[in-house]
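Quick notes on the structure that follows.
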Amino acid sequence: MKVVRPYGDTMDDGKVQLSFTLPVPDGAKGREAARKLVLSWGFKDCEVVHSNPLSAEYSMYVAYGKTESSIDYDSVVADEASADASMDMDGVNEYIRQHIGRKVVIVGACTGFDAHTVGIDAIINMKGYNHHFGLERYPEMEAFNLGAQVPNERLIEYAIKVKADAILISQVVTQKDTHIHNMTEFIELLEAKGVRDKFILVAGGPRIGNKLAVELGFDVGFGRGAYANDVATYIVKKLAEKK
Amino acid sequence: MKVVRPYGDTMDDGKVQLSFTLPVPDGAKGREAARKLVLSWGFKDCEVVHSNPLSAEYSMYVAYGKTESSIDYDSVVADEASADASMDMDGVNEYIRQHIGRKVVIVGACTGFDAHTVGIDAIINMKGYNHHFGLERYPEMEAFNLGAQVPNERLIEYAIKVKADAILISQVVTQKDTHIHNMTEFIELLEAKGVRDKFILVAGGPRIGNKLAVELGFDVGFGRGAYANDVATYIVKKLAEKK
Amino acid sequence: MRNKLNLPADRVAYARSLAERITAPVQDFIDGHSSVTVERATLRLAGADGANSDGVPVPNLVVDRIRAADPTALEDGATLRYVNALVKTGGTVQALNDKIAAGFDVTSMSLGDRKAIEAKADELVAASLRRVKENRGFREGKLEEWKGRNNSPLLYLIVATGNIYEDVKQAAAAAEQGADVIAVIRTTAQSLLDYVPYGATTEGFGGTFATQENFRIMRAALDEVGEKQRRYIRLTNYASGLCMPEIAAMGAVERLDMMLNDSMYGILFRDINMYRTFVDQKFSRMINAYAGIIINTGEDNYLTTSDAFEKAYTVLASQFLNERFAFQAGLEARFQGLGHAFEMDPTIKNGFMYELAEAQMAREIFPEHPLKYMPPTKFMSGDIFKGVAMNTLFNFVSKATDQGIHLLGMLTEAIHTPFMMDRFLAVDNARYVMNYVDGFYDDIEFKQDGIVVGRAHQVLKETIDFMELVEKTGMFDAIEQGLFAEVKRPKDGGKGFEGLVKKGPAYYNPFESGLMRELGLKR
Amino acid sequence: MRNKLNLPADRVAYARSLAERITAPVQDFIDGHSSVTVERATLRLAGADGANSDGVPVPNLVVDRIRAADPTALEDGATLRYVNALVKTGGTVQALNDKIAAGFDVTSMSLGDRKAIEAKADELVAASLRRVKENRGFREGKLEEWKGRNNSPLLYLIVATGNIYEDVKQAAAAAEQGADVIAVIRTTAQSLLDYVPYGATTEGFGGTFATQENFRIMRAALDEVGEKQRRYIRLTNYASGLCMPEIAAMGAVERLDMMLNDSMYGILFRDINMYRTFVDQKFSRMINAYAGIIINTGEDNYLTTSDAFEKAYTVLASQFLNERFAFQAGLEARFQGLGHAFEMDPTIKNGFMYELAEAQMAREIFPEHPLKYMPPTKFMSGDIFKGVAMNTLFNFVSKATDQGIHLLGMLTEAIHTPFMMDRFLAVDNARYVMNYVDGFYDDIEFKQDGIVVGRAHQVLKETIDFMELVEKTGMFDAIEQGLFAEVKRPKDGGKGFEGLVKKGPAYYNPFESGLMRELGLKR
Ligand code: B12
Ligand code: B12
Ligand SMILES: Cc1ncc(COP(=O)(O)O)c(C=O)c1O
Ligand SMILES: Cc1ncc(COP(=O)(O)O)c(C=O)c1O
C-alpha cells in the first residue's frame with residue numbers, strides 16, 4: 001500500500017489549487033462563502049487568495065486548500081488502453097504478416113452530426129499526426145476514412161460491404177452527452193443487424209476514455225494523444241486472439 | 001436560506017477547476033489516481049484534462065470536478081473588518097475634530113525579521129497607495145513609521161514614549177508561521193508590561209485576516225487591499241467608543 | 001496605416017485580378033440561379049413567418065407547396081404565389097401566415113392581376129427595406145453617440161449554453177466585463193437543416209438555435225446593457241449553412257450587427273453543395289450589405305483543418321476570393337470582416353514572428369477591412385496555464401497589427417464551451433495586454449531582410465501560385481479536386497443540391513431587384 | 001549586439017566617469033579598512049572551519065578572541081594569530097580548528113618567528129587559491145564540453161523549502177525541467193547574522209541557511225543532474241549581508257557559480273552600516289573575481305520598494321556604480337550580472353514598451369555583461385491567471401532584448417514560495433515564449449522618434465541628473481540623505497558598524513595581497 005497525497009513543496013503537505021465562480025456578488029462575504037465551500041469538501045485549510053466580480057451577481061475565486069485525504073496508489077487501476085506497450089508501424093506490419101497473414105481492413109468515420117475530422121484523420125490518413133503515420137500508410141492494412149458527419153447506418157453498411165475487421169468511430173463533441181447517445185445508437189444498430197461480433201469496435205476522441213467506451217459496448221476507447229500505431233497494435237492483437 | 005453552489009455556465013452545475021501535483025510518475029495510472037483523489041473530496045464527477053511529468057517521480061494534473069455540495073449563503077458571516085463603510089480622509093479628520101478633539105497618535109512598523117516595508121508604508125507614508133493618502137497626510141493625526149525589521153520591544157517602548165493611541169504592525173512573511181510567533185510575542189510583551197489596554201492594536205499584511213488578528217489578541221486585522229482610510233476609520237471610531 | 005512590409009503593390013493587384021477571373025464564371029452561374037432558401041428569404045422579407053404544429057416554418061411550407069404542385073414553378077420565384085394569395089385573401093400578412101400554418105396552400109389560388117400583385121409586392125419591399133434601413137440608422141446613431149467607448153480591436157465573445165435565456169445572462173455579464181461583440185454560437189449541425197427553427201429555444205448542443213425570436217431576445221438584452229454601459233454592443237450570429245439568406249434576412253430585420261458568412265465554408269467544412277452555396281452566399285450578402293452588417297469570413301477553418309504554417313497561403317487566397325464575392329454583392333470593404341487566425345504550432349521556432357507577419361500582411365493588403373482575428377484553438381490543450389500564455393501572445397499580435405475584430409481565446413478551449421469565468425479571464429487578459437502594448441503598432445519596424453518581412457513576401461508568393469492554379473483549373477473543378485482545405489467535393493454532391501433552382505425567363509423577385517437597385521448592382 | 005536605441009555614446013561615457021568620481025572617495029575609505037567578516041573570510045580561506053558546541057563558528061571564535069584580548073589587535077589582521085598558532089602547535093589546520101572549537105584561544109600564544117608564519121601563510125594561500133582555480137577550471141571545462149546545451153538567457157529558478165534535503169529534490173526536478181541556474185534562497189534574515197551557521201540545516205524560514213555544508217550538498221546534487229542532462233547547472237547563493245566575504249569564500253571553495261552581491265543592497269534594504277558594507281563588498285568581489293563567479297546585483301529592489309516607472313533611473317545609476325565597484329575589485333564585465341526588473345504597474349498604458357526600452361537600454365549600455373533580469377513580483381496578485389500573462393510578457397521582453405540571466409516569474413508569487421508545479425509552469429512558459437519569439441531581437445527595429453527610443457533616452461538623462469547630484473553631495477552623504485531608494489541611512493548607524501576595522505600600519509593579509517596579485521589590482 002502506497003499512500004499518495006497532493007504535493008506542494010513538501011511531502012504530504014496536501015496543497016491543491018482551486019478556482020470557481022459563485023452566483024453571489026464579490027466581496028468579503030463571497031470570499032468567506034468560497035472558503036467555507038472549500039472546507040466543506042473536506043479540505044482542512046483554505047485560503048482564498050483572489051476574488052473578482054464577474055458581474056453584479058457573479059464572482060470568481062482562486063483558492064489554495066490543504067487536504068489530508070489520500071489514496072492507495074497501489075490499488076489504482078489505470079483506465080486507459082495503455083500505449084506503453086504499443087508496437088511501431090513496422091512492428092504492426094510484421095505482426096500482421098506473422099499472425100494474420102492477410103490485409104487487415106478498417107473503416108473509420110466521425111459519426112452523427114460531429115464535424116471534427118482532424119482526430120479521425122490523425123489516426124487514418126497517410127500523413128498521420130505528430131510524426132506517427134496514419135493507418136493508410138500501413139502496407140498490411142487497408143483503411144477507409146469516410147470523413148465526418150457520417151450517419152451510423154451508412155458507416156455500418158460500408159463496413160459490411162468492404163468486410164472490415166474493425167470499425168473506428170470518432171466523437172469529439174460531448175455537449176449534452178451527444179456522444180453517448182450517438183455511440184449507443186451505433187451499438188444498437190449493429191446488434192439489430194446481428195453483426196456486432198463481426199467487428200472489433202474502436203471509439204476515440206478527446207473525451208473518450210477506455211472505460212466509457214467499454215461500458216457503451218465497444219471493445220476499446222482511445223483518448224487524447226492516441227496515435228495510429230496504438231490503435232493498430234490493439235486491433236491486430238485482438239484479431240490474432242479472436243482467431 | 002440561500003443555497004449557493006459553484007457555477008460554470010449553468011446555475012448549480014457545480015463546476016470547479018483544480019490543479020495539483022502528485023508524487024507519482026506521469027501516466028495513465030497517475031491520471032486515474034488524480035481522478036480518484038478528486039472524487040474522494042466528494043466531487044460527483046471529475047475529468048482530468050491534463051497531466052505532465054515534473055520529474056521522473058512527480059507529475060501535475062489539471063482537473064475539472066462537479067460538486068453537489070452547497071452552502072447557505074445567508075448564514076455566512078464575513079470575516080473582514082469590512083471596508084464597505086469606511087470614511088474618506090476628510091471624513092476621518094472631521095470625525096476626529098468632532099468626537100476626539102485632539103490629534104490621534106499612531107505608531108507603526110513591520111516587526112521581527114520581516115523586511116517588507118511596502119505594506120506599512122502604503123498605510124502610513126504621505127504618498128499612500130493607489131490614490132489613498134497615508135496617515136502622515138491626515139492633519140488630525142500624528143503618525144510615526146519606524147520601518148521594517150523592528151523588534152517588538154523597541155516598537156512598544158516607542159509607542160509608550162509618544163503616547164500612541166494605536167500601534168500598527170505589519171507582517172508579510174508567513175512561512176513556518178513566523179507571523180504568528182511574532183504577533184504572539186508582541187501581545188505577551190505588552191501584557192507583561194501591563195500596557196495592553198492603553199493601545200488600539202492593529203495588525204496587517206496580505207495573509208492577515210481580521211479573525212486571525214483578533215484570535216491572537218489584536219483589536220483588528222487588515223489584509224490585502226486595505227487603505228489608510230479604512231484603518232483610520234476603524235481607529236477613530238474605536239477611540240471614540242473607548243472614551 | 002503604415003506600410004511596414006514593403007509588399008509589391010503590383011503583385012497584390014495581380015492577386016486581386018486573379019480573384020476576379022476565378023470568380024467570374026461562378027458569378028455567371030449565380031446570376032442564373034436561385035435556391036429554396038433564397039426564395040424563403042424573400043418570403044421572410046415579405047413577411048412570411050411562423051410555423052405549423054409540426055414546427056415546419058411558413059416560408060418552407062410555401063416553397064415546398066409550390067414545388068410539390070409543380071416541380072418547375074419555383075423558376076418564377078416564390079414571391080409571386082405568396083403575394084398573389086395575400087392580394088386575393090385581402091388580409092394582413094399575419095393572417096395569411098396563420099392560414100398557411102393551418103394548412104392553406106398558396107398554389108390553390110389561381111394567379112390574379114399581375115399589376116395588383118406587383119403593386120402589393122412593391123409595398124412589401126418598401127416596408128421591409130425601410131425597416132432594415134431604420135435598424136441601420138439606429139445602429140449608426142448609437143455608434144456615433146457612444147463613439148470611442150468600444151475597445152480597439154473590438155473584443156468578441158461567444159455564448160453557447162444552448163438555452164437562449166441562459167445565453168442572455170452570460171451575454172450581459174460578458175458585456176459588463178468589457179466585450180464589444182457577443183456571438184451566439186449556433187447549435188451543432190444547424191447548418192445542415194434546410195429550415196430555420198421557429199420561436200425561443202432552450203435546447204441546443206454546443207450552441208443555441210438561430211431563430212428570429214432568439215435574435216430578438218438577445219438584441220433586447222444587449223441593448224439594455226449597452227444603455228447601461230453607454231457602449232454599443234454588437235450582436236453576431238451565423239449565416240452559414242443551408243439557410244444563409246434566410247438567416248441574413250432575419251438578422252437584417254432584428255438588427256444583428258455581424259454575420260458569419262463565408263463564400264465557401266459550407267462547401268468545404270459542411271459538405272454542402274457548391275452551386276447551392278455560391279448562390280446562397282450572394283443573396284445573403286446583398287442583404288447584409290444593405291443592412292450594414294459586417295460579415296465574418298471563415299478562413300480560420302483552413303488552419304484548424306490543415307497545418308497553419310504550411311497552408312497560410314490558403315487563407316490569403318480565400319480572403320481575396322471572399323473579398324471579390326463580397327464586392328459583387330455590393331458589400332463595401334468596411335463591412336468585410338475577413339478572417340484569419342493565430343493557429344500555428346506553439347513549438348515552431350519563431351512562430352510568433354510568423355504570426356505577426358501574417359497578421360500585418362492581412363492588415364496591409366486589406367487596409368479598410370475590419371479584419372476578424374481568431375485565437376489559438378487547435379493547439380490548446382487541457383493545460384490551461386499554457387493556454388493563457390498562448391492567448392497572451394495572440395492578444396499581443398492582434399493589437400500590434402491593428403486588427404479589427406478580436407475573438408477572445410479561452411483558456412479552456414480544449415475542454416468545454418466557455419464558463420462565465422473563462423470569458424472574464426479572456427477579456428481581462430486582452431485588456432491588460434492590449435493596453436500594455438498599445439503603441440507597438442506605430443513604434444516598431446521590421447528589418448527589411450528579416451523573418452517577418454520575408455514570411456509575408458513568401459506567403460504572398462505562394463498565394464499567387466495557388467490562385468494561378470485555381471484559375472487554370474477553374475473554380476468548380478478546383479473544389480472537386482480538393483485544392484481547397486484538402487477536401488474533395490463533387491460538383492453535384494453534398495447537401496442541398498436538390499434545393500438549387502434555375503431561374504426561369506419569368507423569374508420574379510422584387511426583393512432581389514429592390515436590393516440591387518439600392519446597392520447599385522448591375523448584375 | 002545591434003545598437004537600436006541610438007543612445008549618445010558620449011553621455012554613456014560621461015555617466016561612467018561620474019560613477020568613477022562618485023566611488024573614488026569610497027575606494028579610498030575601503031583601502032584603509034577591514035572588517036570582522038573580511039578577517040573571518042581570510043581565516044576561512046586559510047582553512048578555519050567548524051563550530052563550537054554552542055554553534056559559534058571557528059572563524060568567529062578566533063576573531064572575537066583577538067578583539068577581546070586587545071581591541072586594537074585586529075588592526076594587524078587575524079591571519080597572523082591563526083597561522084602563528086598553527087605554526088606553533090605544528091599540527092594540521094583541522095587539528096587547530098578542533099582545538100579552537102574546544103576552547104583554545106589563539107591569542108594565548110605569543111607571536112613566533114615572522115618568517116615561519118609568513119612561509120606557512122604563503123603555503124595556505126597557495127593551497128586555497130589552487131583549489132579555487134581548480135574549481136574554476138572544472139566549471140569552464142564542463143561549460144565547454146556541454147556548449148550550446150544551456151538556454152539563452154539562462155533560466156534561473158529558486159528553491160526555498162528551508163530544508164536542504166527537500167531543496168535538493170526540488171532543485172533536481174527543476175533542473176530536469178530545464179532550469180540552467182538554481183538559487184537556494186536564504187532563510188529570512190540570515191543577512192543580519194554576523195556569522196555563518198555551520199553544517200547541514202533543515203529549518204529555515206522562507207529559505208535555507210547558507211552554510212558550507214549546504215553548499216556542498218547542493219553542488220553534488222546539481223553535478224549529478226548535470227551529468228544526466230549533459231548540461232552544466234549553475235548554483236547560486238547570497239553573499240549579501242553581514243558576511244559577504246565569508247560566503248563568497250565558501251562559494252569559491254565549493255564551486256558556486258553565481259552570487260547575489262550588490263555594493264549597496266545591505267545598506268539600503270537591510271540597514272547594514274554603509275562603511276562596513278563597502279569594505280565587505282570589495283573583498284567578497286575579489287574572491288568572486290578570482291573564482292570566476294558571476295555576481296548578481298540587486299537593482300530590482302529599487303523597483304519593488306519605489307515606483308518602477310518613476311524610479312527607473314535609480315536602476316541605471318546603481319548599475320553604473322555596481323559596475324565601477326566591480327571593476328575595482330578585479331571583476332570583469334563578463335562576470336557582472338547587473339540587475340534590473342520588469343516591475344511596472346500592469347495598468348500603465350504602454351508599459352510593455354517602457355519595459356522593452358529599459359531592458360534594451362541595459363543591453364546596449366552593458367553589452368558584455370550577463371544582465372540579470374528579474375520577473376514581475378510586486379504587482380503579482382492572487383490572480384494566478386493574470387500572473388501567467390504578466391510572466392509571459394516578461395519572458396518575451398527578456399528574449400527580445402537578449403538578457404543574460406533570466407529569473408523565472410512564478411504565477412503564485414503573491415501567495416507562497418514556489419511549489420514544484422509552479423516552477424515547472426514557469427520553465428514551460430519561458431521555453432514556449434522564448435522559442436516562439438526567438439528572432440525578435442534581430443528582426444525588430446524601433447522608430448527613432450518613438451516611445452521605446454524616447455523612453456531610453458529619457459531614463460539615461462534622468463540617470464545622469466541623479467548621478468550628478470550624488471557626485472555633488474558625496475556618496476556617503478547621499479545615502480544619509482535618502483537619495484537612494486527613498487531610505488535614509490545614518491553614516492554610523494545600521495547593523496555591523498562595530499565590526500569595522502581600521503587597518504593598522506602593520507596590517508597583514510596574505511590572502512588579500514595574493515588575490516590582488518593574481519587579479520592584477522593595484523589597490
Ligand atoms: C478544430 C476544431 C473545430 C473545427 C473542425 C475542423 C475539422 N475539419 O475538424 C471547426 C471550426 C469546424 C469546429 C466546429 C465546431 N466545434 Co470545434 N473544435 C476544434 C478544436 C479547436 C480542435 C479539435 C482538433 O482538431 N484537435 C486536434 C485532434 C488531433 O485532436 P482530437 O480530435 O482529440 O484527436 C485525437 C484523439 O482524441 C484521438 N482520436 C480522436 N478521434 C479518434 C477516433 C479513433 C477511432 C481513435 C482511435 C482515436 C481518436 O486521436 C487523435 C490524435 O491523438 C477543439 C478545441 C480543442 N483544442 O480541442 C474544438 C471543440 C472540439 N469544438 C467544439 C464545438 C462545440 C464545436 C461546434 C459544435 C461549435 C458550434 N456550435 O459551432 C462546431 C460544430 C462542429 C460539429 N458539428 O461537430 C468544442 C466541443 C465541446 C464539447 N466537449 O462538446 C471544442 C472542445 C471547443 C470548445 N471549447 O468549445 N471545431
Ligand atoms: C517586494 C517584495 C520583497 C522586497 C521588499 C522590499 C521592501 N522594501 O519592502 C524584497 C526583495 C526585499 C523581499 C525580500 C524577501 N521576501 Co518578499 N516579496 C515582495 C513582494 C514581491 C511584494 C510585497 C509588496 O510590496 N506588496 C505590495 C504591498 C502594498 O502589499 P502588502 O504588503 O500586502 O500590503 C497591503 C496589505 O497587506 C495591507 N497591510 C500590510 N501591512 C499592513 C499593516 C497594517 C497595520 C495594516 C493596517 C495593513 C497592512 O495594506 C497594504 C496596502 O493594501 C511579495 C510578493 C507579492 N507580490 O506579494 C514577496 C513576498 C512577500 N516575499 C516573500 C519572501 C519569502 C521574501 C524573503 C523572505 C525571501 C528570502 N528568503 O530572501 C525576503 C526576505 C525579506 C524579509 N526578511 O522579510 C514571500 C513571502 C512568502 C510567505 N507568505 O511567507 C512573498 C509572498 C514572495 C513569494 N511568493 O515567495 N521581498
Ligand atoms: C464562416 C463560418 N460559418 C459558420 C461556422 C460554424 O457554423 P456551423 O457549425 O453551424 O456550421 C463557422 C465556424 O467555424 C464559420 O467559420
Ligand atoms: C543583492 C541581493 N542580496 C540579497 C538578497 C536577499 O537576501 P536577504 O534577504 O538574505 O538579505 C537580495 C534579494 O532581493 C538581493 O537582491
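Each chain gets a letter, A, B and so on, in the order the sequences are listed, and its residues count up from 1.
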* Asked: Parallel, tilted or perpendicular: which describes the rings of A:Tyr61 and A:Phe20, with under 30° parallel and over 60° perpendicular?
  ->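 Geometry flag for A:Phe20 against A:Tyr61: tilted rings.
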* Asked: Do the ring planes of B:Phe218 and B:Phe186 sit parallel (below 30°), tilted (30 to 60°) or perpendicular (above 60°)?
  ->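 Ring orientation, 0 to 90° scale: parallel.
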* When A:Ser19, A:Gly225, A:Gly42 are compared by non-hydrogen pairs under 4.5 Å with chain B, the top option -> A:Ser19
* If you count heavy-atom pairs under 4.5 Å with chain B, which of A:Asp12, A:Ile71, A:Val49 comes out on top? -> A:Ile71
Select, from [options], the one with the greatest count of heavy-atom pairs under 4.5 Å involving chain A.
| options | value |
| --- | --- |
| B:Thr67, B:Val24, B:Val4 | B:Val24 |
| B:Ser40, B:Ser75, B:Ser69, B:Gly65 | B:Ser69 |
| B:Val62, B:Asp72, B:Leu22 | B:Leu22 |

* To do: With a 4.5 angstrom heavy-atom cut-off, could you sort out which part of B:Met11 is near chain A: side chain, backbone, both or neither?
  =>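 Looking at B:Met11, just its side chain touches chain A.
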* To do: Establish, from distance only, whether the side-chain atoms of A:Arg207 and A:Thr174 form a donor-acceptor pair under 3.5 Å.
  =>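 No, because no side-chain N or O of A:Arg207 sits under 3.5 Å from a partner of the opposite role on A:Thr174.
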* Structure fact -> B:Gln171 and B:His179 have their tightest heavy-atom pair at OE1-CA, 3.4 Å
* Identify which part of A:Ser70 has an atom lying under 4.5 Å from any heavy atom of chain B, answering side chain, backbone, both or neither. =>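 For A:Ser70, the backbone is the part near chain B, not the side chain.
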* **Segment of A:Phe43 engaging chain B (4.5 angstrom heavy-atom cut-off)** =>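 Side chain only.
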* cation_pi(B:Lys15, B:Tyr64) dist<6.0 Å, angle<=45 -> no
* Asked: Would you find more than 12 non-hydrogen atoms of other residues, nucleotides or ligands less than 6.0 Å from A:Tyr73 atom OH?
  -> yes
